[in-house]
2 protein chains.
Amino acid sequence: MRVKREQRPQITEESIITAAWALLGSIGIEEFSMRKLADELNIQAPSLYWYFKNKQSIFQALANEVAKEALVSATLEGPWQEQLTHFATCIKNTLNKYPCSAQLWMRTVPMDPDYLAVINTLLKIIDPLLIEESDKFALAACLLNYVISFELDKYEQRKVDLSMLGEGQEGAQVLFRQSLEQLPEEKTQVIKRMYENGLFKELGSDRMFNTGLRLIVSGIERLAHEG
Amino acid sequence: MRVKREQRPQITEESIITAAWALLGSIGIEEFSMRKLADELNIQAPSLYWYFKNKQSIFQALANEVAKEALVSATLEGPWQEQLTHFATCIKNTLNKYPCSAQLWMRTVPMDPDYLAVINTLLKIIDPLLIEESDKFALAACLLNYVISFELDKYEQRKVDLSMLGEGQEGAQVLFRQSLEQLPEEKTQVIKRMYENGLFKELGSDRMFNTGLRLIVSGIERLAHEG
DNA sequence: ACCTGAACACCGTTCAAGT
DNA sequence: ACCTGAACACCGTTCAAGT
């Protein structure tokens with residue numbers, strides 16, 4: 001019986017991408033390396049270079065996938081306010097689904113085809129509005145940046161929380177307290193009050209996301225009425 | 001004559017920070033390394049660890065300096081809309097002054113004292129408004145993220161432009177054209193039109209910044225009237 | 001066509017040893 | 001107290017060599 005036949009690992013671009021998502025999910029983007037990715041696939045690191053030009057192009061492919069999924073999950077119906085809110089929520093949910101995808105979008109060249117299609121969809125929604133042509137761009141960028149920043153902040157906060165948890169404290173809250181005490185009262189007055197009211201627990205919540213989203217949509221509405 | 005006396009390099013925390021800014025300005029944050037920073041100061045890399053715990057804490061100190069300067073450059077006068085606009089512009093200008101400072105703010109723990117003071121100032125400005133207490137936080141974060149994202153995008157665009165320039169083309173524009181052609185017409189319709197009207201040259205301009213800023217301030221105004 | 005081993009030029013950081 | 005040399009455990013990437 002030939003046993004040796006199947007010894008060779010069976011790698012494809014697809015299996016590399018799948019492994020990359022798994023690795024991002026387990027160790028995060030900072031610790032992500034070509035060698036660890038190769039380990040995940042039981043191959044040697046240089047083998048990866050037969051399928052991808054370099055690490056950046058793997059990240060690019062991952063970011064692409066997210067953009068593609070965000071696009072298909074969006075249904076464009078109803079008034080533009082609803083369309084915009086819905087699309088932004090779809091993007092957020094997609095970013096939330098894939099680990100470190102917000103970071104990937106940050107590191108990706110913004111000239112990527114699928115990423116451009118996302119921006120195009122945003123522009124298409126606000127295109128009928130009575131707004132200076134060159135301003136529409138600023139508005140679309142503003143909304144997209146909001147969604148990405150929101151996911152980034154959430155990730156960052158979770159990271160701080162986890163790293164502090166290991167030291168037997170109650171997470172980021174302790175570090176926060178210490179920072180506040182280093183500054184004079186007047187410079188932290190408001191933030192301190194909000195902290196004491198427990199408002200920090202809402203960081204990264206759906207409620208907070210919707211508030212910011214409403215803010216942006218309202219702002220666009222207002223600009224459109226002025227123009 | 002004792003010549004050997006002054007052989008030893010005279011390093012201080014301050015001189016390290018100064019050298020770090022110089023290095024960030026010349027090679028950017030991606031290429032920044034402890035060894036190169038040491039070279040800049042004519043010392044060996046391990047010497048840096050006598051003054052700073054690690055690379056991250058140097059970045060932290062740099063980010064701090066930016067936050068401090070943004071704070072002092074802000075004068076809080078007039079109606080809240082003006083205060084907010086002025087403060088956001090001050091932050092943007094400060095970020096613009098120090099190389100890679102937007103990236104530094106992204107990589108910095110958000111629990112930094114001076115960074116918190118910046119958020120506190122934002123919160124203080126919108127504090128008198130009739131808005132749900134927990135929403136104020138979302139609004140402040142939204143505005144701050146907008147300013148940071150704007151500077152990040154500008155940096156990224158300049159980087160793409162420079163790297164393409166080396167290849168004898170007209171910069172990012174060519175890469176952009178190619179990306180557009182990879183997608184079906186309907187998915188790039190609007191963005192293509194805007195490109196052909198030369199609207200892309202406004203990316204990162206003051207005009208674009210002010211449009212987004214006005215959008216956010218208008219949005220807050222609206223939320224305040226509803227509440 | 002696909003995969004590996006060895007190597008190159010880098011990192012951040014530690015630490016015993018020097019002055 | 002301050003600085004260095006040597007070393008450790010990593011990187012991303014290349015390339016001749018294997019199957």
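By convention in this document, chain letters (A, B, ...) are assigned in the order of the sequence lines, proteins followed by strands, and residues within each chain are numbered from 1.
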Roughly, in whole Å, what's the span from [atom1] in [X] to [atom2] in [N]?
X	N	atom1	atom2	answer
B:Trp50	C:dC15	CH2	P	17 Å
A:Leu41	C:dC3	CG	P	10 Å
A:Ile11	C:dT4	CD1	C1'	13 Å
A:Leu48	C:dC3	CG	C1'	11 Å
A:Leu37	D:dT13	CG	C1'	14 Å
A:Ile43	D:dT13	CD1	P	15 Å
B:Gln10	D:dC2	CD	C1'	10 Å
B:Phe52	D:dC3	CZ	P	13 Å

Under a 4.0 Å N-O cut-off, is there an ion pair linking [X] with [Y]?
X	Y	result
A:Glu30	A:Lys159	yes
B:Arg107	A:Glu156	no
A:Asp206	A:Lys92	yes
A:Arg35	A:Glu40	no

Kindly state which residues belonging to residues 16-36 of chain B come within less than 4.0 angstrom of DNA chain D, counting heavy atoms of the residue only, listed by number.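 Listed by number, they are B:Arg35.
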Can you figure out which of [options] approaches the side chain of [X] most closely?
X	options	value
A:Tyr49	D:dT4, C:dG12, D:dG12	D:dG12
A:Pro46	D:dT4, C:dC3, C:dA6	C:dA6
B:Ala45	C:dG5, C:dT13, D:dC3	C:dT13
A:Lys55	C:dT4, D:dC2, D:dG12	D:dG12

In which ranges does DNA chain C form stems of 3 or more consecutive Watson-Crick or G-U pairs, distances under 3.5 Å?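 If one scans DNA chain C for consecutive Watson-Crick or G-U pairs, the stems found are C:4-8 with D:12-16, C:12-16 with D:4-8.
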Ring-plane angle category for A:Phe59 and A:Phe32, please: parallel below 30°, perpendicular beyond 60°, tilted otherwise.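 Rings of A:Phe59 and A:Phe32: tilted, 30 to 60°.
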How many angstroms lie between CG in B:Asn197 and OH in B:Tyr195, if you round to the nearest 0.5 Å?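 So the gap between those two atoms works out to 11.5 Å.
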So, does A:Tyr146 use its side chain to make a donor-acceptor pair with the main chain of A:Phe209 at under 3.5 Å?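 Here the side-chain-to-backbone pair exists.
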Regarding B:Asn145 and A:Asn145, do their side chains bring together a donor and an acceptor under 3.5 Å, going by distance alone?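 Result is no, nothing qualifies.
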Is there a donor-acceptor contact under 3.5 Å linking the side chains of A:Glu151 and A:Trp105?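 Short answer, no.
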OP1 or OP2 of D:dT4 sitting under 4.0 Å from any side-chain N/O of B:Ser47?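 So the side-chain polar atoms of B:Ser47 do come within 4.0 Å of the phosphate oxygens OP1 or OP2 of D:dT4, strictly under.
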